[in-house]
Amino acid sequence: MAIGILLVGGMGTRLKPLTNQTPKPMLPVGGLPVTERQLLAAKKAGINTVILATSYLSEIFTPYFGDGSKWGMKLLYAVEEVPLGTGGAIRNAAALIDFADSKEEFVIFNGDVLSGHDIAAQLAFHRANKADATLHLIEVADARAFGCVPTDANGRVLDFLEKMENPVTNAINAGCYIFNSSVISEIPAGKVVSIERETFPQLVKSARPVFGYSEQSYWLDIGTPAALFKGSRDIVGAGFLAGLGSKIGEGSLLTGGTSIGLGSRIGANCTITNSIIGDGVVIGDNCTIADSFLLHNSNVAADSEILGKYISPTENLPISL
Ligand code: GTP
C-alpha cells in the first residue's frame, strides 16, 4: 500500500505568534492537531505507514505521536537540520526507506491543509492514468492569490503558472500529491528544493504524465490565524466542543465555535467566544475571553479580560483575526 509523507517542517511565519512554541501542523483545530486529522484521513484511505518530515520544532511531534501504534499506524520521523523546502523534505523523508526500488506510491500531504477529499479515489485515478505524479486540484472563487494549474479534458496537467492578475483557471494545487518513486529519485538529495516552483514545472516541461485529480470537497489552508480559527469553527459548529476530562464551572457560557482541549478547567461565570483553548488549561472565575488562543497548560487568573490574545505558559501577545 502507498506510503504517506507529511510535510510538517515549515516555520509557520504567517501564524506567529501562535507558532512560537508549536509547529503549525500541531496547532489544534476542533480539539485535535491538524497532523492528527491528516493521519486519520490517510489511515481511512488505507495508508498505514507515514513519514513525518520535520524540521522547525521537530521535538514536539515525537512525544505526541510516538511510533503511531495508538492510531494503528507505523510512523517514522525524518528530521532536517536545516529546512530543505518541500521537495528536499520529500527526498529526505523517502530516504528513510528503500524508496528507489519501491513499487509503492508516495502520498504527500502539505501539513497545513484540512481536506475532506477522497484520497483513495485520487490514488485510483493516479493508477488508472499510469501517471508519474497526480495532484489534488481544488477550484477557488478567486485564484489570484495562488499559482494555478490548467489541465486538458482528461485531467493531464498542462502547466504550473505562478500567481497572476488574470488566472487562466480557478484550479489550484490543494496540497496533496501522489508521486511514483521515480519522481522522488530525481529530486536532488541534501539540497533545498521547492516542489511547487521546481519539481512540478520540470516534470511538465519534460512531458512526464502529471495529472490533476479534481474534487470539490471541504478544503482549507490553515496558514493564517484567521484561517486556523475558521478551520476550528468549521469543525465545532456554532456552539462549543469540550475534550475529555474538561470541567466547565456553573454559569459559564461558551459560544462561537470555541474548542477546549483535554482536562482543562474553566471557572464559574465565564464568557468564552470564538476561542481555541488547549489541553490542561486552567481559567479562573468571571473571565471574559474572545478571539483568543490559549496554548496547552496556560493559566488565566480570575476576573481576566482576554480579547484577541495569544496566551502560553510564558507569553501574552496580541493576535488579529
Ligand atoms: P509560512 O512561513 O507562514 O509560509 O509557513 P510554512 O513555513 O509552513 O510554509 P508553507 O505554508 O509554504 O508550507 C507548506 C507545508 O510544507 C507546511 O505544512 C510546512 O510545514 C511544510 N514545509 C515548508 N517548508 C518545509 C521544509 O523546509 N521542510 C519540511 N519538512 N516541511 C516544510
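As the structure lists them, so they are numbered: ligands from 1, and atoms in each ligand from 1.
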Next on the checklist: Can you report which non-hydrogen protein atom sits closest to atom 19 (C) of ligand 1, along with the distance?
Outcome noted: Gly10 N, 3.5 Å

Checklist entry - Between Phe106 and Tyr177, is the ring centre distance below 6.0 Å? => result no

Checklist entry - Which protein non-hydrogen atom lies closest to atom 31 (N) of ligand 1, naming both residue and atom, and how far is it? => result Gly9 N, 3.0 Å

Checklist entry - With only distance considered, is Leu15 within less than 3.5 Å of ligand 1 through an N or O on each side? => result no

Checklist entry - Out of Lys24, Met11, Glu196, Gln38, who gets a non-hydrogen atom closest to atom 5 (O) of ligand 1? => result Lys24

Checklist entry - Short question: side chain of Glu80, backbone of Tyr56 - any donor-acceptor pair under 3.5 Å? => result no

Checklist entry - Which ligand 1 atoms does Arg14 reach within 4.0 Å, using its non-hydrogen atoms? => result 1 (P), 3 (O), 4 (O), 5 (O), 11 (O)

Checklist entry - Any idea which protein heavy atom is nearest atom 21 (C) of ligand 1, and the distance to it? => result Leu7 O, 3.5 Å

Next on the checklist: Please confirm whether Gly223 approaches ligand 1 to less than 4.0 Å, judged on its heavy atoms.
Outcome noted: no

Checklist entry - Is it the side chain (CB and beyond), the backbone, both or neither of Ser55 that lies under 4.0 Å from ligand 1, heavy atoms counted? => result neither

Checklist entry - If you count the atoms of ligand 1 from 1 in the order shown, which ones are under 4.0 Å from a heavy atom of Thr86? => result 16 (O)

Checklist entry - Taking it one step at a time, do Glu162 and Arg197 satisfy salt bridge (charged side-chain N to carboxylate O under 4.0 Å, His left out)? => result CA-CA 8 Å; Glu162 299 277 347; Arg197 286 192 299 277; 5.7 Å; no

Checklist entry - So, Asp285 versus Asn269: side-chain donor-acceptor pair below 3.5 Å or not? => result no

Next on the checklist: Among all the protein's heavy atoms, is there at least one whose distance to atom 27 (O) of ligand 1 comes out below 4.0 Å?
Outcome noted: yes

Checklist entry - What protein heavy atom sits nearest atom 1 (P) of ligand 1, and how far off is it? => result Thr13 N, 3.5 Å

Next on the checklist: Do Gln122 and His117 pair up side chain to side chain, a donor and an acceptor below 3.5 Å, judged on atom types alone?
Outcome noted: yes

Checklist entry - Taking the inter-plane angle between the rings of Phe200 and Phe179 on a 0 to 90° scale, is it parallel (under 30°), tilted (30 to 60°) or perpendicular (over 60°)? => result perpendicular

Next on the checklist: With heavy-atom distances below 4.0 Å as the criterion, list the atoms of ligand 1 near Pro83.
Outcome noted: 27 (O)

Checklist entry - If you group Ile, Leu, Val, Met, Phe, Trp and Tyr whenever their side-chain heavy atoms sit less than 4.5 Å apart, what else falls in with Leu158? => result none

Item to check | side-chain hydrogen bond (donor to acceptor under 3.5 Å, both in side chains) assessment of Gln21 paired with Ser312 | outcome: CA-CA 9 Å; Gln21 299 179 43; Ser312 81; 2.9 Å; yes

Checklist entry - Can you find a heavy atom in the side chain of Glu36 that is under 4.5 Å from one in the side chain of Trp71? => result yes

Item to check | Val192 contact mode with ligand 1 (heavy-atom cut-off under 4.0 Å) | outcome: neither

Next on the checklist: Heavy-atom pairs closer than 4.0 Å: do any link ligand 1 to the side chain of Asp112, the backbone, both, or neither?
Outcome noted: both

Next on the checklist: Tell me whether Arg208 is salt-bridged to Glu186, with the criterion being a basic N under 4.0 Å from an acidic carboxylate O.
Outcome noted: yes

Next on the checklist: Less than 4.0 Å is my threshold; does some heavy atom of Gly85 fall inside it relative to ligand 1?
Outcome noted: yes

Checklist entry - Is there a donor-acceptor contact under 3.5 Å linking the side chains of His136 and Asn173? => result no

Next on the checklist: Which of the numbered atoms in ligand 1 are under 4.0 angstrom from any heavy atom belonging to Ala89?
Outcome noted: 28 (N), 29 (C), 30 (N)

Checklist entry - If you count the atoms of ligand 1 from 1 in the order shown, which ones are under 4.0 Å from a heavy atom of Leu84? => result 27 (O)

Checklist entry - Checking side-chain hydrogen bond (donor to acceptor under 3.5 Å, both in side chains) for the pair Glu315/Asn20: CA distance, chi angles, key distance, verdict? => result CA-CA 9 Å; Glu315 295 163 296; Asn20 280 357; 2.8 Å; yes

Item to check | Any N or O of Pro25 closer than 3.5 Å to N or O of ligand 1 | outcome: no

Next on the checklist: I need the nearest protein heavy-atom contact for atom 30 (N) of ligand 1: residue, atom name and distance, please.
Outcome noted: Glu80 OE2, 2.7 Å

